Amino acid sequence: MLQKPRGTRDFLPDEMEARRAVEWRLREVARRWGYREVCTPEFEDLELFTMRSGEGIIGEMYVFEDKGGRKLALRPEITAAVIRMYINEAKVAPKPLRWCYYADCFRYERPQKGRYRQFWQFGVELIGADSAIADAEVIMLASDMLNATGVRYDLKVGHLSFVKNLLKDVEPEIQRKIRAQLDKKDFEGLNLTLDSMNKPDLAESLTTLVACQDLNEAFEIAGAIPERERIEQTMGYLDAAKVKYSLNLGIARGLDYYTGIVFEGFADNLGAENQILGGGVYRLAHLFGGDDVASCGFAIGFDRVMVSLGESAGKKDTVAAIVCTPEARNRALDVAKAFRSAGIRTEMDLMGRGFGQQLAHAAKSAAFAVIIGQREVESSEVTLKNLQSGEQKTITLDAAVAEVVASGSRG
RNA sequence: GCCAGGGUAGGGUAGUCUGGUUAUCCUAAGGGGCUGUGGAUCCCUCGACCCGGGUUCAAAUCUCGGCCCUGGCCCCA
């Protein structure tokens, strides 16, 4: 039998409904903040991604050549494409641009819990606003969106200037190494690195800084930071808005184009791949030949959110099953039409089952049975049976529809 | 790329150590009886040893390779 490609998944209706429900909660929050959805191509010029992240990522992408000999790649992330689109299509649009996306991405990596080769990201990008309140808005939105999903998480907020300032006299190569070790909280390796440089007090400052939960203290450790006022303002807005976060000034976020605030979200029940959100302030547009523009954005690892939510994610659709005798089928079709017009998922027997077996099937798949037989045809009513409680009553069609609709809005 | 544990009907499983009858049980699915409560009950049916090589009279079972799954390492844009 044919298997699906490694690291991909099939989604059956139950799971799909759960995913759509969470997806729409995210969309709805983004919409309320004014972030409008955009869509970019599933594949792009390979160059777009190597310009952003370096040649090293080719090994972790789905790269192919098309029939015209173009080097293309399935998108491994969306930010680069969104910024390309901004430069191509929207450079002169009124600022700021508030955009969001929900899209699948592809990475050629070893699958494990919460990591798949095809995975979905829900992200937002705020383009062209360069202020403390802009940074704060994006973080507040991140918090709002994660809250809407119901996932349990920790939000960590940091800023690159602190570590950068402490390391300003260190060679770039070593800087990179130290930042990676701080990000991983690999203090053993960090001490080794610093020992070899003969700077014991730097180690002290760095480890204290990473653990530091107080902004003023952090400024004392890190020394004079030009962005101090903006950082204080941003954090002030977050505190005023009662955003739940903790300070983590060790966050490195891998790549060099991040310039300021950075933040990450972690689920507490996921194992090794527990990061469910990552983002920050970055400058990327100039890489793709645009004018330099400040941007801030984040992406939510949608699949990890779903794994973290587990079984709790699902909310079942209310289903009405029409149960009828063959003679009553035309009337039953009218009844079904009325239920469907009211927005109720309504199903009829297609298997030629007898009355009893229709009901038996309904009991497994529906919340209500709507019974239409000779008696109901004659009285122009329907018998509505609540399949959970077993109660039933013969009432008008309108009353039956109203009752099913009401039960759906409760659920 | 590395390490560990796995892969038996649609789902869940027994059997594997110690090779040997028609591969166990639950569930789901389909057909039939019953024809206004059948979420019951009775009868019937469908359906599996991941793939390939090796050992053997004989392989789900032992062995080698591959594929895939689960978790971890690495990486994580």
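No experiment lies behind these values; they were computed from the predicted model shown. So you know, we letter chains A, B, ... as the sequences are listed, proteins then strands, and number each from 1.
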NA contact type, [X], heavy-atom cut-off 4.0 Å: base, sugar-phosphate, or nothing?
X	answer
Arg353(A)	sugar-phosphate
Gln275(A)	nothing
Gln392(A)	base

>> In whole Å, I'd like the distance from the NZ atom of Lys364(A) to the C1' atom of G11(B).
In response: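 Going from Lys364(A) (NZ) to G11(B) (C1'), I get 15 Å.
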
> What integer number of Å spans the C1' atoms of C49(B) and U8(B)?
Replying inline: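 It comes out at 4 Å once rounded to the nearest Å.
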
> Given the P atoms of U70(B) and G32(B), what is the spacing between them in whole Å?
Replying inline: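 These two P atoms come out 40 Å apart once rounded.
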
> Any idea how Tyr62(A) and Tyr108(A) line up, ring-wise: parallel (<30°), tilted (30 to 60°), or perpendicular (>60°)?
Replying inline: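 Rings of Tyr62(A) and Tyr108(A): perpendicular, over 60°.
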
Write out a two-atom table: protein N or O, nucleotide N or O from nucleotides 69-74 of chain B, distance below 3.5 Å.
{"residue": "C69(B)", "atom": "OP1", "partner": "Gly7(A)", "partner atom": "N", "Å": "3.0"}
{"residue": "C69(B)", "atom": "OP2", "partner": "Arg6(A)", "partner atom": "NE", "Å": "2.7"}
{"residue": "U70(B)", "atom": "O4", "partner": "Arg110(A)", "partner atom": "NH2", "Å": "3.1"}
{"residue": "G71(B)", "atom": "OP2", "partner": "Lys113(A)", "partner atom": "N", "Å": "2.8"}
{"residue": "G71(B)", "atom": "O6", "partner": "Arg110(A)", "partner atom": "NH2", "Å": "2.7"}
{"residue": "G72(B)", "atom": "OP1", "partner": "Ala272(A)", "partner atom": "N", "Å": "2.7"}
{"residue": "C74(B)", "atom": "N4", "partner": "Gln112(A)", "partner atom": "NE2", "Å": "3.2"}
{"residue": "C74(B)", "atom": "N4", "partner": "Arg115(A)", "partner atom": "NH1", "Å": "3.3"}

Is atom [atom1] of [X] surrounded by more than 12 heavy atoms (other residues, nucleotides or ligands) closer than 6.0 Å?
X	atom1	value
Lys164(A)	NZ	yes
Arg36(A)	CZ	no
Glu47(A)	CD	no

>> Syn or anti for G38(B), given that syn means the glycosidic angle lies within 90° of 0?
In response: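 This nucleotide is in syn.
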
> Quick one: side chain to side chain donor-acceptor pair (under 3.5 Å) pairs with a partner in residues 124-135 of chain A, sequence neighbours left out?
Replying inline: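 Found Thr79(A)-Glu125(A), Glu125(A)-Tyr282(A), Asp130(A)-Arg230(A), Asp130(A)-Arg283(A), Asp135(A)-Arg230(A).
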
> Considering every strand shown, what is the Watson-Crick or G-U wobble mate of A48(B) when both distances are under 3.5 Å?
Replying inline: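 Partner of A48(B): none found under 3.5 Å.
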
>> Can you tell me whether the side chain of Gln357(A) and the base of G31(B) have a donor-acceptor pair closer than 3.5 Å?
In response: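 Counting by modelled atom types and ignoring angles, no donor-acceptor contact under 3.5 Å is found here.
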
